[in-house]
Amino acid sequence: ASQQARAFANPNLMLEAEDLSGSESLDVTPQNTFAISQSIEWFGKRSARVEAAQLERDVAARDLARGHRDLLAEVDRKFATLLGAQERAAIAGQNAQTAREVTQAVSYLVTAGEVSPIEEARAEGDQALASIELANAVRDVDLARRALARLWGEDVPSFATAAGTLATAVELPERDAALAALAALPDLTRWDAEAARQASLVTLAEKQTLPDLTLIVGARTYSGHDGSAYVAGLALPIPLFTQFAGARAEASARQEQATHDRRADEVRIRVEFLSAYETLSRAIEEARVLRDEVLPRASKVYEALNEGYRRGKFRLLDLLEARRTLARTRLQYVDALVRLNLADADLRRLIPDGTEDTIGAHP
């Protein structure tokens, strides 16, 4: 569009034949005129058109940067979801292995006559539940792999696992400074570029009211006579019926609309930022409590009950409940890490860094 806006209007080739025939009483000589006409835009029209096209390119460049940030954030979300699914599958596999070991231990105790066969049935039931949880976790991993692979167009993922670990802690930015920096996001700078473009379109619409001059030059020949004569002319439209009032009104209205759209987007982005900031803050604290307090306690309780059960100090139900509690705690910790990473991706999407926000833009 920017390239086309710089183009000049094409000239017109004109052929005109006059006095080909008429009344016998008139002594007329047929004549042919060959001419070229060229429309000459009024001063400022072309520059206004070129400026509007260049500003449209700026808007498109910022839209590209916005799409780039959206894609990076979506990749981060899908990748974190896959890592979380893999962690859950690993925990489910460990739980299934532990359930098998508990069943074997109980079976030995039943054989030795130290516990009731009912406890063996309970252990086997718990092992079956652990196997079901493992199958569900493996299915979730496959779904997460497919969701990530679809981002680059693969229906069947070409990779088996994602290499990486979930972030266990992130640093919160200073909130007020980050809020002030939102104005640099391409989501909002595109509206600044759009406002400038609409202003140039208003100027262009005002320039359209000025009529373009058409210059005509050519040569005329007369039948039966040697030589030729030169002709020249000027044509100027009379702005009688079309004065571009509608175009001027539309350009002004769209300029005002761009201002309102920017305000709406600014409010939306501020709300999204504050929501992501609060979500990340809660996720950081939740992950810290689970990692530093809850998970170590659950592990100690399970280890103590497991050892005590082998010595006959505790019931199987106590051991199974401790194992379930440990498994739930580990899964809660993984879920907390996934929420932390998702919130971090959402927040980083709204923090400009100045590197990719001008992607596609040209001086």
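Worth saying up front: this structure is predicted, and the values here are computed from it rather than measured. Hydrogens, waters and symmetry mates play no part in the numbers below; they use all other heavy atoms, side chains included.
Inter-residue side-chain proximity for Glu51 and Leu55 is flagged as met; some heavy-atom pair is nearer than 4.5 Å. A 4.5 Å side-chain heavy-atom check between Asp58 and Thr189 finds every atom pair outside the cut-off. Residues Leu236 and Thr214 fail the side-chain proximity criterion, which asks for heavy atoms closer than 4.5 Å. In this structure the side chain of Arg66 never reaches within 4.5 angstrom of the side chain of Arg62, judged on heavy atoms. Contact of the Arg330 side chain with the Val334 side chain is not registered, since no non-hydrogen atoms from C-beta on lie closer than 4.5 Å. Leu326 has its side chain within reach of Leu295: a pair of non-hydrogen atoms, C-beta onward, lies under 4.5 Å apart. The closest side-chain heavy-atom distance from Val110 to Glu119 is not below 4.5 Å. Side-chain atoms of Arg46 and Phe8, non-hydrogen and from C-beta on, do get closer than 4.5 Å to each other.
When every heavy atom of Glu16 is checked against every heavy atom of Arg220, the shortest pair comes out as OE1-NH2, 4.5 Å. Considering every non-hydrogen atom in both Ala327 and Asn95, the closest pair reads CB-ND2, 3.1 Å. Taking each heavy atom of Ala229 and Tyr222 in turn, the nearest pair found is CB-CE1, 4.3 Å. When every heavy atom of Ala199 is checked against every heavy atom of Gln255, the shortest pair comes out as CB-NE2, 3.5 Å. When all heavy atoms of Pro157 and Asp155 are compared, the pair lying nearest together is CD-O, 3.7 Å. In this structure, Leu337 and Thr168 approach most closely via the heavy-atom pair CD2-CA, 3.7 Å.
Annotation for Arg288: atom CZ counts as buried by contact number, over 12 foreign heavy atoms lying within 6.0 Å. The number of heavy atoms from other shown groups lying within 6.0 Å of CD (Glu18) is above 12. Other residues, nucleotides and ligands place more than 12 heavy atoms under 6.0 Å from the CZ atom of Arg291. Atom CD of Gln4 sits in a sparse spot, with 12 or fewer heavy atoms from other residues, nucleotides or ligands closer than 6.0 Å. The number of heavy atoms from other shown groups lying within 6.0 Å of CD1 (Ile36) does not exceed 12. Remark: Gln3 CD is loosely packed, at most 12 non-hydrogen atoms of other residues, nucleotides or ligands lying under 6.0 Å away.
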Salt bridge (charged side-chain N to carboxylate O under 4.0 Å, His left out) evaluation trace for Arg282 with Glu285: CA-CA 5 Å; Arg282 291 198 305 267; Glu285 180 62 17; over 6 Å; no

Side chain to side chain contact (heavy atoms under 4.5 Å, CB included) for Arg150 and Arg146? Distances and angles first, verdict last. CA-CA 6 Å; Arg150 288 193 188 100; Arg146 292 177 182 273; 4.0 Å; yes

Take Arg268 and Asp265, measure what salt bridge (charged side-chain N to carboxylate O under 4.0 Å, His left out) needs, and give me the verdict at the end. CA-CA 5 Å; Arg268 177 185 61 81; Asp265 256 7; 3.2 Å; yes

Evaluate salt bridge (charged side-chain N to carboxylate O under 4.0 Å, His left out) for Arg262 paired with Glu266, printing each intermediate quantity in order. CA-CA 6 Å; Arg262 188 194 189 283; Glu266 184 175 6; 3.2 Å; yes

Run the numbers on Asp335 and Arg339 for side chain to side chain contact (heavy atoms under 4.5 Å, CB included), then give the verdict. CA-CA 6 Å; Asp335 290 340; Arg339 286 192 293 271; 3.7 Å; yes

Starting from the C-alpha separation in whole Å, work towards a yes-or-no answer on side-chain hydrogen bond (donor to acceptor under 3.5 Å, both in side chains) for Thr103 and Gln127. CA-CA 7 Å; Thr103 301; Gln127 179 182 344; 3.0 Å; yes

Worked verdict on Asp346 versus Thr279 for side chain to side chain contact (heavy atoms under 4.5 Å, CB included): CA-CA 10 Å; Asp346 291 338; Thr279 301; over 6 Å; no

Test salt bridge (charged side-chain N to carboxylate O under 4.0 Å, His left out) on Arg122 and Asp126; report intermediate values, then the result. CA-CA 6 Å; Arg122 289 174 177 171; Asp126 193 69; over 6 Å; no

Please assess Thr98 against Tyr302 for the test side chain to side chain contact (heavy atoms under 4.5 Å, CB included), listing each intermediate value before the final yes or no. CA-CA 11 Å; Thr98 303; Tyr302 174 74; 2.9 Å; yes

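Between the CG atom in Leu185 and the CZ atom in Arg190 there is a gap of 13.5 Å [rounded to 0.5 Å]. Rounding to the nearest 0.5 Å places CG of Leu274 at 8.5 Å from CG of Leu182. To the nearest 0.5 Å, atoms CG (Asp344) and CD (Glu171) are separated by 11.0 Å. Distance check, rounded to the nearest 0.5 Å: CG of Leu331 to CD of Glu133 gives 7.5 Å. Between the CD atom of Glu87 and the CG atom of Leu82 there is a distance of 10.5 Å, given to the nearest 0.5 Å.
Arg69 places a side-chain N or O within donor-acceptor distance of the main-chain N or O of Arg348, the cut-off being under 3.5 Å. Side-chain atoms of Ser252 never come within 3.5 Å of backbone atoms of Ala249 as a donor-acceptor pair (strictly under, hydrogens ignored). A distance-only check finds a donor-acceptor pair linking the side chain of Lys45 to the backbone of Leu210 [under 3.5 Å]. Using modelled atom types, no side-chain atom of Asn12 and backbone atom of Ser37 make a donor-acceptor pair closer than 3.5 Å. Remark: the backbone N or O of Ala9 is paired with a side-chain donor or acceptor of Gln38 at under 3.5 angstrom. For the pair Arg57 (side chain) and Ala53 (backbone), a donor-acceptor distance under 3.5 Å is absent.
For Tyr277, the ring-ring contact (aromatic ring centres under 6.0 Å, His included) partners two or more places apart in sequence, or in a different chain, are Phe273. With sequence neighbours left out, the side-chain hydrogen bond (donor to acceptor under 3.5 Å, both in side chains) criterion links Gln97 to Arg100, Glu101.
For the pair Arg77 and Glu74, the salt-bridge criterion is met [side-chain N within less than 4.0 Å of a carboxylate O]. Using a cutoff of 4.0 Å between basic side-chain nitrogens and carboxylate oxygens, Asp187 and Arg349 are scored as salt-bridged. Ion pair Arg139/Asp142 not flagged as a salt bridge, since none of the NZ, NE, NH1 or NH2 atoms sits closer than 4.0 Å to an Asp/Glu carboxylate oxygen.
By the 6.0 Å and 45° rule, Arg145 stacks over the aromatic ring of Phe159.
A continuous path of Ile, Leu, Val, Met, Phe, Trp and Tyr side chains, each step under 4.5 Å between heavy atoms, connects Leu151 with Leu83, placing both in one hydrophobic cluster. The cluster map of Ile, Leu, Val, Met, Phe, Trp and Tyr, joined by side-chain heavy atoms under 4.5 Å apart, puts Val338 and Phe79 in the same cluster. Put simply, Ile91 and Val301 are part of the same group of oily side chains (I, L, V, M, F, W, Y) that touch within less than 4.5 Å, one to the next. Note: the hydrophobic cluster containing Ile40 does not contain Val231 (ILVMFWY, side chain heavy atoms under 4.5 Å, direct or indirect links). Residues Leu172 and Val170 share a hydrophobic cluster, clusters being chains of Ile/Leu/Val/Met/Phe/Trp/Tyr side chains in contact below 4.5 Å.
Ser2 and Arg6 form a side-chain donor-acceptor contact under 3.5 Å, judged by distance and modelled atom types alone.
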